[in-house]
Amino acid sequence: MQKTPVIMDVDTGVDDACALLLAALDPTVDLRAVTCVGGNTDVDQVTRNTLAVLEIAGREDVVVARGAQRPLIERAVHARHVHGDDGMGDLGWVHTQRDPDPRHAVELLRDVLGAATEPITLVPTAPMTNIALLARTYPEALRGLGRIVFMGGAAQRGNATASAEFNVFHDPEATAIVLDVAAERGIPVTMYGLDVFYDPTVTRAQAKELIASGGDTARLAGELIEFQCERFGSEQATIGDAGAVCAVIDPDGIGTTALPVRVELTGTWSRGRTIVDVRDWSGDLAHDPHGRADAMVDVALEVDARRYADLWLSTVDP
Ligand code: RIB
Ligand code: CA
């Protein structure tokens, strides 16, 4: 079976954990490494959470490294109100004896990408601070990248603010740098943003079935969904970041359009917004003082939500 080499960059949180379970267990994913960054919670807790989730999935073989504590410019704004104090719903799953790799995340990215004999798909589901630092510190390592499939941004909405999505809002400069170097080097980029992020959902009833099925990965997966249902008072919850991994495993499950994308860095109310240019009349562009953005991104605007939710369910509870 042809496997896709993947590196994930995470701020393990509840839905990053859903994504890690999928990447660790799907037979078509060759999970080469996971790097950690501050975001949903502090980077040390993110690292502990990531090690714990991989251990529960039986994947202690996957190398994990600790990365940036805070964004390039901004102060860290954690999302414990969403993911709980430990970032994993305070469900009591975070026990691990394993230490992260002694290298910084940027050094691990440099080494794994540098040693790659085939293009690697990078899946950031977090603020892209580590990736921006890699691009500025070891730009030659980017040659190992085949595609970036990132969870972040949105064409039509925000969540951290009215106009910005959390991962981009947390480190707008990092996202701008990553889109810029990808455009410069011709690295294809897929944006799995809020336009599709909330659609693949799992019900509370399905979560209960996962919990009852007995296996640790299924039980953790079910409890993560149940935690979100409780937190948001809902009968279903999104698989969140796991959708970006679904987009690697089953790219036909999303509908993408190649569109120019910029990141707003200076707007008072719009800082961190991904400005996705959907205009299709050349006259508009001809008179636009800003000109077209350099970054052409495959923006996911549709998703087969049931297909992705079923892919996740069937993988976490084999
Ligand atoms: O906006 C959603 C993103 O922010 C997800 O990656 C979630 O884990 C949080 O980091
Ligand atoms: Ca995340």
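One-based numbering, in listed order, for ligands and for the atoms of each.
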Near [X], which atoms of ligand 1 are under 4.0 Å from a heavy atom of that residue?
X      : result
Phe197 : 2 (C)
Asp16  : 8 (O)
Met151 : 2 (C), 3 (C), 5 (C), 6 (O)
Thr125 : 6 (O)
Phe166 : 1 (O), 4 (O), 9 (C), 10 (O)
Asn159 : 1 (O), 2 (C)

Looking only at protein heavy atoms, which one is nearest to [atom], and what is the separation?
atom                   : answer
atom 8 (O) of ligand 1 : Asp15 OD1, 2.6 Å
atom 5 (C) of ligand 1 : Asp241 OD1, 3.2 Å
atom 9 (C) of ligand 1 : Asn40 OD1, 3.2 Å

Do the side chain of [X] and the main chain of [Y] share a donor and acceptor less than 3.5 angstrom apart?
X      : Y      : answer
Asp90  : Asp85  : yes
Arg98  : Glu60  : yes
Thr203 : Gln206 : yes
Arg70  : Glu74  : yes
Asn167 : Met151 : yes
Asp16  : Asp241 : no

Checklist outcome for this item: Quick look: Asp11 vs ligand 1, heavy-atom contacts under 4.0 Å, and the answer is side chain
Next on the checklist: Among the N/O/S atoms of Asp11, which is closest to the Ca ion (ligand 2)? Give the atom name.
Outcome noted: OD1
Checklist outcome for this item: The N/O/S atom of Asp241 lying closest to the Ca ion (ligand 2) is OD2
Checklist entry - Is the Ca ion (ligand 2) under 3.0 Å from any N, O or S atom of Asp15? => result no
Next on the checklist: Please determine whether Asn167 has a backbone or side-chain N, O or S atom lying under 3.0 Å from the Ca ion (ligand 2).
Outcome noted: no
Next on the checklist: Give me the atom names and distance for the closest heavy-atom approach of Trp93 to Ala52.
Outcome noted: O-CB, 3.9 Å
Checklist outcome for this item: In terms of its nearest heavy atom to atom 3 (C) of ligand 1, the top option of His78, His170, Glu165 is Glu165
Next on the checklist: Parallel, tilted or perpendicular: which one describes the rings of Tyr192 and Phe197, with boundaries at 30° and 60°?
Outcome noted: perpendicular
Item to check | Given Arg219, Lys208, Arg204, the one that forms salt bridge (charged side-chain N to carboxylate O under 4.0 Å, His left out) with Glu226 | outcome: Lys208
Item to check | Trace of the salt bridge (charged side-chain N to carboxylate O under 4.0 Å, His left out) decision for Asp42 with Arg66 | outcome: CA-CA 11 Å; Asp42 63 85; Arg66 176 186 183 279; over 6 Å; no
Checklist outcome for this item: Thr125 O to Asp16 OD1 via the Ca ion (ligand 2), rounded to 10°, gives 130°
